[in-house]
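First the proteins, then the strands, lettered A, B, ... as listed; each starts at 1.
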Protein chains: 2
Amino acid sequence: MAPERPATARITQRICGAIKSQIASGRFGPGARLPSTRALAAEWGVSRTTVTAAYEQLIAEGYLEARQGARTQVARGLGLAPAPPAQAGLPASPDRLSAYGQRLTAFNLPSASDAGRMVADFRYGDLAAADFPMLAWRKAVGAALLRRQGRFRYGDPRGSAELRTALQSYLWRARGLRCDLDQIIVVNGSQQGLDLCARLLLDPGDRVVMEDPGYALARQVFLAAGAEVVPVTVDRDGMRTESLPAAQLAYATPSHQFPLGGVLSAGRRRELLAWAQSSRAYVIEDDYDSEYRFDIAPIPPLQALDNAGRVIYLGTVSKTLSPTLRLGYLVVPPVLSEDFAKAKRLTDRHSASLEQEALAELIESGAYERHVRRVRRRNSERRAALLTALSITLGEAVTVVGADAGLHVVVWLNRVPRTQERGLIAWADAVGLGVYPITPLYASAAAAVRPDAAGLVMGYASLDERTIDQGVRTLRKVLDAFAAEDGAGRVLLCPRSR
Amino acid sequence: MAPERPATARITQRICGAIKSQIASGRFGPGARLPSTRALAAEWGVSRTTVTAAYEQLIAEGYLEARQGARTQVARGLGLAPAPPAQAGLPASPDRLSAYGQRLTAFNLPSASDAGRMVADFRYGDLAAADFPMLAWRKAVGAALLRRQGRFRYGDPRGSAELRTALQSYLWRARGLRCDLDQIIVVNGSQQGLDLCARLLLDPGDRVVMEDPGYALARQVFLAAGAEVVPVTVDRDGMRTESLPAAQLAYATPSHQFPLGGVLSAGRRRELLAWAQSSRAYVIEDDYDSEYRFDIAPIPPLQALDNAGRVIYLGTVSKTLSPTLRLGYLVVPPVLSEDFAKAKRLTDRHSASLEQEALAELIESGAYERHVRRVRRRNSERRAALLTALSITLGEAVTVVGADAGLHVVVWLNRVPRTQERGLIAWADAVGLGVYPITPLYASAAAAVRPDAAGLVMGYASLDERTIDQGVRTLRKVLDAFAAEDGAGRVLLCPRSR
């Protein structure tokens with residue numbers, strides 16, 4: 001109906017409804033002639049225009065047919081096809097799912113957690129909303145809006161020229177990374193970067209070499225592509241590259257191994273690149289949190305050492321601005337640039353333009369790097385608070401690793417066997433403490449650096465110092481009670497502490 | 001380097017560089033002991049702290065090793081791997097591309113056009129920036145920003161609860177579509193919706209039934225998935241459903257066939273649903289521009305007739321707000337909801353949160369529907385201007401179809417053979433007129449409704465009335481010159497008109 005004339009529109013609608021019911025009930029069969037508009041107008045006490053509008057609507061919907069000079073009639077093709085069955089007949093599972101879809105069934109959707117009810121939630125990946133440079137971002141969005149004129153049209157699948165230009169010089173300043181504009185592909189966060197790599201580079205049955213433990217959603221992307229993920233153990237110098245198996249792709253976090261925190265040594269970097277070249281494989285370098293090195297300068301990326309076009313560099317603003325912005329970037333070898341652009345276009349045309357332009361503005365104005373320095377200091381304070389609390393409150397009960405950089409630490413619980421990791425975490429959750437296990441980051445329990453001990457990945461970037469301290473004290477209570485008892489007694493010993 | 005102390009940092013950097021060069025030149029081999037920090041500090045005329053910082057940086061990068069009580073030495077694993085070859089050895093084509101990636105090579109990236117230099121650009125999909133509800137959008141973004149507190153964390157892969165709630169009632173009000181919240185999946189524009197359908201529902205070798213002519217990027221998505229696209233001819237009542245072949249998926253635009261403009265009749269809707277059920281196939285209903293019906297009320301969606309859970313409804317705000325926002329939504333059968341949520345999460349976690357919340361705010365406040373009514377009127381004026389100009393300026397030379405709805409018309413050029421379509425368009429481009437051919441929307445030239453005549457898809461939503469009129473006059477000049485001459489003479493007859 002035309003929203004400008006609600007009263008007439010409502011009547012037209014009701015006439016349409018009445019005619020449809022009569023067709024559905026069989027009162028008017030296919031080919032049956034309808035009353036004249038004059039007759040129906042009289043019956044409903046409305047103008048002929050209103051009835052004509054109803055007929056035109058039903059003609060447009062295919063219920064009626066108009067023929068030159070003859071009365072409007074019910075469409076002749078109507079009602080011949082069998083009616084669909086009732087709602088009760090809905091299938092309980094999909095009739096059809098691709099091989100890709102079937103592989104997804106192995107993965108769980110995370111349950112939504114309610115950070116509000118918690119004493120402290122050490123979920124890795126969360127950031128404090130207070131850290132977001134709200135003023136600078138609003139200013140950047142405003143500037144981007146002002147620059148818009150003329151027309152909105154689909155943009156370059158690689159991303160806006162402004163953002164790629166800004167990223168090009170940012171990457172050189174901050175990371176010593178040199179590239180051409182066309183090598184940069186703006187993506188919706190690093191997750192889409194990983195997914196595009198998997199789509200373009202992996203066929204079912206291919207092999208991917210990956211750090212173990214490693215980033216779970218990267219592993220899932222490769223498995224969903226039908227690839228075999230070959231785990232490679234990790235030590236303090238990152239992934240052990242001395243005897244990498246044949247594979248089509250490698251995934252690594254050379255600047256800051258996730259989650260254990262090692263830096264891939266220079267020798268291993270060379271070994272990894274030599275392996276990639278001799279295997280004709282590509283290496284995804286996930287540089288997810290390089291902005292957060294507290295005691296030492298940033299490590300130059302693997303990409304900067306790569307003279308053979310084998311490294312795909314992956315960056316994100318999820319750790320510096322917000323994980324909810326969904327902005328990241330790939331730097332791909334020149335030879336892959338067009339393939340990535342085509343895949344990005346078919347996947348979702350391009351990333352949202354306004355966000356891209358706002359980020360470009362933020363980088364160009366210098367506000368981004370000022371912000372990064374500010375949140376680096378802020379997170380360094382949070383880190384200090386966490387390390388102090390862990391040391392004072394838990395002492396020898398824990399071993400902390402990976403604290404040099406990033407926004408998380410790994411905490412080995414020296415007195416809790418690995419087999420009890422899940423129980424401990426469930427219990428912590430029951431008393432309002434959000435802590436997260438390391439085990440799901442391992443491809444196989446056998447590969448664990450500490451097969452004996454339970455481990456936690458503790459993110460601190462969303463918490464203030466007081467909450468961090470409260471959280472660690474709560475962890476102490478949970479550990480004490482856990483050690484003292486097992487089974488049903490625990491809940492009594494560890495009441496809900498606020 | 002710590003950005004807070006640039007002078008010291010620069011010196012540290014230079015020391016690091018010098019040591020790296022000496023390692024690279026062979027002056028320091030693996031295991032070689034470095035000078036003491038005292039000696040090096042004296043040599044450089046800096047403090048020992050500065051030298052220590054350089055050593056620590058190089059240890060972190062893996063060039064050096066520190067051992068308790070002993071002097072720092074060059075890392076023993078260093079330099080054993082062969083150095084990567086020079087840049088000159090870069091491959092000219094990718095060594096490795098998945099079957100998906102290889103299929104993409106058949107598709108072209110569109111070349112960037114420069115609307116600024118044009119007399120008129122009738123590119124379909126573009127919107128006028130002036131139509132964007134800038135004030136309401138800024139207000140909605142502001143309100144969404146204010147609601148943010150506590151922490152930023154990854155959101156629900158299906159989309160924010162606020163937006164899905166707003167869409168749920170909008171779809172019921174505007175389209176008579178009823179669904180549960182979990183059936184709604186917010187995506188980055190309809191392109192991502194199509195891509196997720198292809199990933200979850202198609203294996204290589206599967207068949208997809210699709211309107212011919214039809215939406216080219218949908219066809220590309222299905223072909224990229226390795227499916228066979230089976231074209232089905234289209235008439236004034238939309239896709240001809242009377243003898244659909246066996247297939248796993250169908251793609252249709254029932255409310256407004258793209259590009260020819262037919263409305264799928266009620267009988268064909270039933271036939272299509274019955275086919276889907278007997279084939280155990282799903283139907284993608286792309287409702288890309290249902291907001292723009294000018295003379296008659298919106299057609300209820302196919303989804304509303306579907307009692308068997310076979311229809312996947314696809315909507316977008318690309319035609320009402322902006323194609324650059326990248327926001328759309330799927331309404332999937334309940335049984336597919338979890339699979340789509342998992343695929344969306346692996347693809348890019350979720351769509352950008354702030355945009356989602358702003359759109360929710362816009363819908364909830366009523367501003368979205370007010371805006372839709374306003375742009376519907378505005379585009380109705382543009383349409384009238386285009387139809388008038390085509391009629392007055394081109395008369396019998398053209399036949400216009402599909403003008404009842406949407407933001408484009410198809411213009412058949414009655415006196416230009418189909419074989420000259422491409423030449424005509426190139427010539428139009430040369431004089432600053434952007435017109436776009438219908439031929440690429442056909443799977444096969446044989447299926448064409450008008451195999452004889454060239455056809456144009458003319459979008460008008462980004463143009464004002466004066467530009468539309470100028471554009472049509474320019475088209476007249478091009479057609480006249482094209483008819484009068486062929487070959488080299490044309491350019492002289494059709495000078496660049498501004």
Options [options], ranked by heavy-atom pairs under 4.5 Å with chain A, top entry:
{"options": "B:I59, B:N108, B:L97", "value": "B:L97"}
{"options": "B:F340, B:F107, B:W137", "value": "B:F107"}
{"options": "B:L145, B:V187, B:D195", "value": "B:D195"}
{"options": "B:T347, B:L201, B:V141, B:D339", "value": "B:T347"}
{"options": "B:Q192, B:R280, B:R96, B:R199", "value": "B:R199"}
{"options": "B:L217, B:L325, B:V221", "value": "B:L217"}

With chain B as the partner, which of [options] has the greatest number of non-hydrogen pairs under 4.5 Å?
{"options": "A:L249, A:V372, A:L200, A:L202", "answer": "A:L200"}
{"options": "A:W275, A:F132, A:F152", "answer": "A:F152"}
{"options": "A:S353, A:A276, A:G101", "answer": "A:S353"}
{"options": "A:A266, A:S265, A:A128, A:G62", "answer": "A:A266"}
{"options": "A:Q356, A:R138, A:E369", "answer": "A:R138"}

Against chain B, label [X] side chain, backbone, both or neither, depending on which of its atoms sit under 4.5 Å from a heavy atom there.
{"X": "A:S255", "answer": "neither"}
{"X": "A:A341", "answer": "both"}
{"X": "A:S279", "answer": "backbone"}
{"X": "A:L272", "answer": "neither"}
{"X": "A:P204", "answer": "neither"}
{"X": "A:L264", "answer": "backbone"}

Looking at side-chain heavy atoms only, is the closest gap between [X] and [Y] below 4.5 Å?
{"X": "B:R326", "Y": "A:Y154", "value": "yes"}
{"X": "A:H350", "Y": "A:R345", "value": "no"}
{"X": "B:N188", "Y": "A:N188", "value": "yes"}
{"X": "A:Q191", "Y": "B:L346", "value": "yes"}
{"X": "B:S462", "Y": "A:R153", "value": "no"}

- Spatial distance of atom CZ (B:R268) from atom OG1 (B:T241) [nearest 0.5 Å]: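 Answer rounded to 0.5 Å: 5.5 Å.
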Tell me, side chain or backbone of [X] under 4.5 Å from chain A's heavy atoms, or both, or neither?
{"X": "B:A224", "answer": "side chain"}
{"X": "B:S318", "answer": "side chain"}
{"X": "B:P157", "answer": "side chain"}

List the atom of [X], the atom of [Y], and the distance in Å for their closest heavy-atom pair.
{"X": "A:R269", "Y": "A:V263", "answer": "NH2-CG1, 3.9 Å"}
{"X": "B:D306", "Y": "B:A308", "answer": "OD1-N, 3.0 Å"}
{"X": "A:A225", "Y": "A:A198", "answer": "CB-CB, 4.2 Å"}

- Message: Assess the residue pair A:S98 and B:D203 against the criterion (side-chain hydrogen bond (donor to acceptor under 3.5 Å, both in side chains)); give the C-alpha distance rounded to whole Å, side-chain angles, the decisive distance to 0.1 Å, and a yes or no.
- Response: CA-CA 5 Å; A:S98 64; B:D203 283 315; 4.5 Å; no
- Item | Which residues share a salt bridge (charged side-chain N to carboxylate O under 4.0 Å, His left out) with B:E357, sequence neighbours left out |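 Residues passing salt bridge (charged side-chain N to carboxylate O under 4.0 Å, His left out) with B:E357: B:R148.
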- Task: Considering only NZ, NE, NH1 and NH2 on the basic side and carboxylate oxygens on the acidic side, decide whether B:K342 and B:E338 come within less than 4.0 Å.
- Result: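 A salt bridge is present here (some side-chain N lies under 4.0 Å from a carboxylate O).
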